[in-house]
Every structure is written in structure tokens, then in C-alpha cells.
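Note: hydrogens, waters and symmetry copies are ignored here, and every other heavy atom, side chains too, is used. Sequence positions, counted from 1, serve as the residue numbers for this chain.
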Amino acid sequence: MESLPRDPDTSLLDFTQAEDKDKCILSSDSFYSSSSPHEQKTLPIDDRSPLRGPQGRFDPYDSSEEYVGVVTLPNQVRQKAVKKGFVFNLMVVGESGLGKSTLVNSLFLTNLYTDRCMPDVSEKIARTVSITKSTVDIVEEGVNLRLTVIDTPGFGDAINNNDSWRAAVHYVDQQMEKYRRDEIGLNRKNIRDNRVHCCLYFISPHGHGLRPIDVNFMKALDQRVNIVPVLAKADSLTPKETRNMKAKILTEIDQYKIKIFQVPDCDHNNDPFRQQDLERSIPIAVIGSNTVVERDGRRVRARAYPWGIVEVENPSHSDFVHLRNMLIRTNMQDLKHTTHHVLYENYRINCLCKNPCLENV
Ligand code: GDP
């Protein structure tokens, strides 16, 4: 387990953004006090408000009679959550060579695959799909995220890939079952959440839409895990090819009734257009790189070719930023929420229904 020092140039959490968000919670224009169920009293918080300190900054602990202090609740939740730390379990699936490891490193600005060894072709033929886990602690401005990346080496490598999805299904179910047992066990307070919160499914840019292995995998897992389809190595497609490929993939997802993660209507994202951008970009066309190059005085992650540079974070080159925003900055809690309240609930209900003791209840 390593704890990574963050590069301030490439820090994932934009602190100004975080501060803005605080301001937005704390200096909201109106404050509702529910003194009567039928009456909502709106108290403006302007610069002369008693909730503002001497420097005009918001002071939630001011003991003014007009304010109960409900406004501090988000802060209390935040403090508790930060103290506890965050956990996120991400599964990456796709045939080898599609850029999964490179993308994970680019997303989390880390090097998760230091001891990776590549099998040769004879090993690949004999190999079955296995599951590997790498965990890293990412600390930013005192906020700790324990990230576990679950990889499926061997997926799609065999000559017959009909059963490639089985190992992933088994792993996902195993983690759900472990959580369920922990929940009904004695030590509920210290349950470790190893359930898979999101599965990035990598689709090859070289085909004509989905292949049978893609359909089989997504159909087998779509009731068990939040699937986010990504179009790998988008730099190998022209913008028109990318558009066509995305349209084809979406049509096929629809045709095979595959359930992919739906970005919920956002209440925490102040800019609805960003949300629409994200929705429009699915399947998310991504580019990954482990190389940082100098560009116009800036250090950027990019792929350098003899004819030019492809920047990972440049929105006109790929949707990488949408993916990172969704996974980390805007929808990580939604992914975890859906995992717990929808997917895990379904799993739990299925288990209860199978339990013979409950047959007569
Ligand atoms: P994995 O086996 O799916 O984990 O794939 P890797 O991340 O190991 O990448 C396999 C090869 O593809 C490496 O040579 C990478 O440098 C290259 N690669 C990774 N991401 C991209 C990308 O977005 N575009 C292109 N053109 N190549 C990539």
C-alpha cells in the first residue's frame, strides 16, 4: 500500500473549485427555517447577515437568535466523511492491449502497474481470465481515497472467448455476498466495502461496433455492476469515425437491451451543460498516456507522434476529461449510491427469495 504525494500541477481535486463549492453551500442566497410546516421563512444572507464574520466571511457558529444553525449540517457531514476516508473500487475490463493500465494511470496520476509482467503468446493461449487487484491511497488536501483497481488479465485473449465474462461475474457476486454476510454478522461497524462500484468496459476502436464478447460481457454484468462503456485509443480514429463508432455502439447497446450506468439528473453540478456533454459523450472516447510533455510552457500528459502531439486532457482530442469528471469529481458518490441502493439491494432480495426459511413468510 502506498501513499502518494500529489503533484500540485496535476492535482486531481481543483482546490479553487472545492472552495467555490463550499461558498456555494454556505453563502446560498436563501435560508429556509421550517418553523411551521406550511410556512417557509426565507432569510437572505447578505453581507450584513449575522452569519458573516467581521471580514464578511461566513461564520456558521455565530449564536444569533434568528439562526438555528442547520446551515452547518453539510459541514458536519463533510468533516465526518473526510475523517473516515473514501473507498472506491473500479473494475477495468477489455482485451489486453486496449490501454486499460495506461488509462488508469492517467486518471489517477499514479503508477499502479509497476510489477506487471506480460505473458507471451503461448501462455496467452493456455491462460484463462484471472482477477488481480491493486490498491493505492490517494491523499489530496487531507482527503483520503483508497482506490482499488480490479483488472481482468486474460480477458479476450483465448481462441474461444465464450466464457470470458465468468470470472468477472464470479468476482462481483463474491464481493456482494461477502458484504451481505458482513452485514448480518456481528461486526457491522467495520465492514470493508469491496463491492465493485464501477466497471469501465473497453471497446476496441478497430472493429465495427460491438463484438460478441462485448455483448456477452455487458449482458452478463449489467444487473450486477455499473457499466461505463469506453471507446479505447480514440486517437486512432478521426472525429467522424469516432462519431459513427459511438452511434453504432449506442444503437447496439439499445438493441441488445444492455443496461449501462445512467448519469443521474444532477443537483450538485451547477452547470447543466456539462452534464449534457457527459451524457452525449457515452461511450466515452478516451486516450491514455504515461508520458508528460512540455507544451506552450505547460506540462501535459500526451502521446507524441512524429506528426504532432495528442493531449490526453484536451477536450478536442478525447473525452478523457468527461470520464475523469464523472468518475471522480461529479459522480463517484452516485456510482457508490447505485451500487448500494440498487444493485446490492437486488442481490440481497434475490438471496432472500432463495432462502427456504423465508418461503412461508
Ligand atoms: P492493457 O493491456 O489494456 O492494460 O494496455 P496498456 O495500457 O498496457 O497499453 C498497451 C499499449 O497501448 C501500450 O503500448 C500503450 O502505450 C498503448 N496505449 C495506451 N493507451 C493508448 C491510447 O490511448 N492510444 C494509443 N494509440 N495507444 C495507447
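Between Gly209 and Ile249 the shortest heavy-atom distance is CA-CG1, 4.1 Å.
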field: Stepwise side chain to side chain donor-acceptor pair (under 3.5 Å) test for Thr339 and Asn226
entry: CA-CA 7 Å; Thr339 304; Asn226 293 309; 3.2 Å; yes
Side chain to side chain donor-acceptor pair (under 3.5 Å) between Gln255 and Thr251, intermediate numbers included: CA-CA 6 Å; Gln255 184 187 337; Thr251 311; over 6 Å; no
message: Set out, in order, the CA-CA distance, both residues' side-chain angles and the distance that settles side chain to side chain contact (heavy atoms under 4.5 Å, CB included) for Phe108 and Val136, then state yes or no.
response: CA-CA 10 Å; Phe108 296 97; Val136 66; 5.9 Å; no
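Under the 6.0 Å cut-off for aromatic ring centres, Tyr347 and Tyr179 do not qualify, their centroids lying 6.0 Å or more apart.
Using a 4.0 Å cut-off between a side-chain N of Lys or Arg and a carboxylate O of Asp or Glu, Arg180 and Glu183 do not qualify as a salt bridge. A salt bridge is defined here as a Lys NZ or Arg NE, NH1 or NH2 lying under 4.0 Å from an Asp or Glu carboxylate O, and Arg303 with Glu311 fails to meet this definition. Between Lys246 and Asp319, at least one side-chain nitrogen of the basic residue sits less than 4.0 Å from a carboxylate oxygen of the acidic one, meeting the salt-bridge criterion. In this structure, Glu252 does not pair ionically with Arg211, as no charged nitrogen and carboxylate oxygen lie closer than 4.0 Å. Salt bridge annotation for Arg188-Asp182: absent, with no cationic side-chain nitrogen under 4.0 angstrom from a carboxylate oxygen.
Open room surrounds NE2 on His337; 12 or fewer heavy atoms of other groups in view lie less than 6.0 Å from it. For NE2 of His208, the number of neighbouring non-hydrogen atoms (other residues, nucleotides, ligands) closer than 6.0 Å is 12 at most. More than 12 heavy atoms of other residues, nucleotides or ligands shown are found within 6.0 angstrom of NE2 on His206. More than 12 heavy atoms of other shown residues, nucleotides or ligands fall within 6.0 angstrom of atom CZ in Arg295.
For Arg299 (side chain) and Val293 (main-chain N/O), no donor-acceptor pair under 3.5 Å exists by modelled atom type. Checking side-chain atoms of Thr330 against main-chain N and O of Asn325 turns up a donor-acceptor pair under 3.5 Å. Side chain of Lys100 to backbone of Gly94: a donor-acceptor contact under 3.5 angstrom is found. Proximity of a side-chain donor or acceptor of His197 to a complementary backbone N or O of Asn89 within less than 3.5 Å is detected. Looking only at distances, a side-chain donor or acceptor of Arg301 sits under 3.5 Å from a matching main-chain atom of Ser289. Not one N or O on the side chain of Lys233 forms a donor-acceptor pair closer than 3.5 Å with the backbone of Val286.
Looking at Thr338, Asn331, Leu327 one by one, the single match for side chain to side chain contact (heavy atoms under 4.5 Å, CB included) with Cys198 turns out to be Leu327.
Rounding to the nearest 0.5 Å gives a distance of 6.5 Å between CZ of Phe217 and OG1 of Thr152.
Annotation: side chain of Leu221 is not in contact with side chain of Tyr201 (no heavy-atom distance under 4.5 Å). Side-chain contact between Leu210 and Met218 is present, with at least one heavy-atom pair separated by less than 4.5 Å. Thr238 places none of its side-chain heavy atoms less than 4.5 Å from the side chain of Thr242.
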